[in-house]
Amino acid sequence: MAGSERLGPGCAARRAAAWAVSESEPESEPEPRDLGAAGPAGSPPAAARPAGRPRRRRVPGEAAARRRDRERQKEQETLEKRRPRREAAAAAWRLLWPERCLRLIEVCSDPGLLKDPGSDAWVKVLSSLDCKYSFEPQAIPCSITWRRNMPNTLSIPDGPMVKTEEEKEVLVLVEPEDFLKRLFSLTQSFVNAPSASQPDLNQVLPLADLEGSSTKTYSLAVIGLDAYRRCNQEHGRQQALSSGKQSPSSQPGPELCMTQEEILEALVVLQLWGNIEVLLLDTWQEFGQHVSALTKAIAKRPYKRQLESQELPFCTAGAWASGVRVEKDGTGLWQVWKRQIQQFNRVSPATAAAIAEAYPSPSPLLQAYEECSTEDEKRLLLSDIPVKLDVSSKDRRVGPDLSRRIYLFMVSTDPDLVLDLST
């Protein structure tokens, strides 16, 4: 055929075989196709896909974002669960602040302390404190104990609302006559005893039958001991000068013949062997002031213990934690210098400010030390600087102790030098 290609015998045989297979299949009408829904080459037609919502194309990073959202939500739920406990701990910590801690303390006094007519003076001092006080019988007559009433911050439905803790301090008031008799018995017990033997302290303070006495810290207070000794010694001299025989009951006891050295020796034995401190007072007013100071110290003890447990206990809360910003023009250096001075023991912000105002930086202070002629003058250079506490109070001085410590800190080259001798 003109204009057409000639087919070989092999091609004709293959075409015949193809027609033979087509004729063996059943005849069926071809299914209509939607040409507009046809996909790319090699993909099935749209009618063959399962019915349902269309497939959504994933955005890169969407899985990581969902995972972060789940983790953030889990952290938020954990914080919400911990919030009540954190708030309770914060509330308990606020109760221990120095301006609030006295409200948790209760002073428990034995009713025997009210028998003396002068006891009204110390009760008046006690009532001026912002704390509770009660009079109830104690294990030791004429003694004072302390307890702390802490609100129970844990959410325990059946637990008590207030948790009471007994403090370890016990203050015992002893009459001068009774105290001298106890001291005399103590001195007689170890006069002839071996040097290595332990004295019998139960003669001064009987604690053998008291439960939990080993965990307590005892101290004795004696009011008017010197006056009692002088009065009885004068009375004994008058009786010796008077004519006539003295009855055995009117003769002074051997305890009144104890010298001041023997009394001091017995007090040292009590301090070393029994850790019993003896406070000799003259009036009930001094006794009340001692009880007041001891109550404040006991109330502030948890707060101070918490501060000492921190990593830097000398840094107080508030502005100390954030530090001082020093500008390029030197603004803030004076505050840094003041806070460096305040890091010394027992230095208040007012004292540090007074020294920093007199010497605005370490350089003028070192120059002032060089101008001093003697060593004592250098040590006492800062002692007379006035310190203003507030508007209503009187001025006080820096003092020789702090002046000496600052001087040694500024000029000493010994790294092992102890600045504070009281520690």
Legend entry - Criterion side chain to side chain contact (heavy atoms under 4.5 Å, CB included) on Cys131 and Val107, from CA distance to verdict: CA-CA 8 Å; Cys131 67; Val107 184; 4.1 Å; yes
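- In this view, Glu106 and Ser134, Arg147, Asn149 satisfy the side chain to side chain donor-acceptor pair (under 3.5 Å) rule, not counting sequence neighbours.
- Side-chain contact check for Ser292 and Thr295: no donor-acceptor pair (N or O, by modelled atom type) lies under 3.5 Å.
- No side-chain heavy atom of Glu277 sits under 4.5 Å from any side-chain heavy atom of Leu270.
- The heavy-atom pair separating Tyr369 from Val411 by the smallest distance is CD1-CG1, 4.3 Å.
- If you take OG on Ser127 and OH on Tyr133, they are separated by 5.0 Å, rounding to the nearest 0.5 Å.
- Taking the charged nitrogens against the carboxylate oxygens, Lys124 and Asp120 have no contact shorter than 4.0 Å, which rules out a salt bridge.
- The OG atom of Ser361 lies 15.5 Å from the NZ atom of Lys338; values are rounded to the nearest 0.5 Å.
- Judged by distance alone, the side chains of Ser412 and Asp414 never bring a donor and an acceptor atom under 3.5 Å apart.
- The pair Glu377-Arg379 fails the salt-bridge criterion, with no side-chain N (NZ, NE, NH1 or NH2) lying under 4.0 Å from an Asp/Glu carboxylate O.
- One finds no salt bridge joining Lys216 and Glu167 here, because no Lys/Arg side-chain nitrogen approaches an Asp/Glu carboxylate oxygen to under 4.0 Å.
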Legend entry - Derivation and outcome, salt bridge (Lys or Arg N to Asp or Glu O under 4.0 Å), residues Arg182 and Glu177: CA-CA 9 Å; Arg182 296 182 184 184; Glu177 180 181 1; over 6 Å; no
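- Side-chain atoms of Ser383 do not come within 3.5 Å of backbone N or O of Pro400 as any donor-acceptor pair.
- For Glu262 (side chain) and Thr259 (main-chain N/O), a donor-acceptor pair under 3.5 Å exists by modelled atom type.
- Ring geometry for Phe135 versus Trp122: interplanar angle over 60°, hence perpendicular rather than tilted (30 to 60°).
- Using a distance-only test at 3.5 Å, with no hydrogens or angles considered, a donor-acceptor pair links the side chain of Gln138 to the main chain of Glu136.
- A donor-acceptor pair is defined here as one N or O able to donate and one able to accept, closer than 3.5 Å; such a pair exists between the side chain of Thr78 and the backbone of Lys74.
- Gln260 and Arg229 share a side-chain donor-acceptor pair at under 3.5 Å.
- Salt-bridge annotation for Asp69 and Arg72: present, with a side-chain N of the basic residue lying under 4.0 Å from a carboxylate O of the acidic one.
- The distance from the CG atom of Leu180 to the CD1 atom of Ile263 is 5.5 Å, given to the nearest 0.5 Å.
- To the nearest 0.5 angstrom, Glu375 atom CD is 5.5 Å from Lys378 atom NZ.
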Legend entry - Derivation of the side chain to side chain contact (heavy atoms under 4.5 Å, CB included) call for Val125 and Gln285: CA-CA 8 Å; Val125 175; Gln285 183 73 21; 3.7 Å; yes
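- The CH2 atom of Trp337 sits 8.0 Å away from the CD1 atom of Ile355 when rounded to the nearest 0.5 Å.
- Using a 3.5 Å distance cut-off with no hydrogens or angles, the side chains of Thr187 and Glu265 do not pair a donor with an acceptor.
- Residues Leu129 and Lys296 are in side-chain contact: their nearest non-hydrogen atoms beyond the backbone lie under 4.5 Å apart.
- Each of Ile223, Asp110, Leu281, Leu279 was compared with Leu173 under the side-chain contact (heavy atoms from CB on, under 4.5 Å) criterion, and only Ile223 meets it.
- Just one residue in the list Ile276, Leu171, Leu267 forms a side-chain contact (heavy atoms from CB on, under 4.5 Å) with Leu220, and that residue is Ile276.
- When each of Leu382, Ile341, Leu402 is checked for a side-chain contact (heavy atoms from CB on, under 4.5 Å) with Thr351, only Leu402 meets the rule.
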Inset, instruction - I would like to know whether Thr331 and Asp329 meet side chain to side chain donor-acceptor pair (under 3.5 Å); could you show each step before the answer? - result: CA-CA 6 Å; Thr331 304; Asp329 58 354; 3.0 Å; yes
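- The closest donor-acceptor contact from the side chain of Arg397 to the backbone of Asp384 lies under 3.5 Å.
- The backbone N or O of Ile298 lies less than 3.5 Å from a partner atom in the side chain of Arg148, making a donor-acceptor pair.
- Contact record, Ala358 with Ile385: CB-CD1, 3.9 Å, taken as the closest heavy-atom pair.
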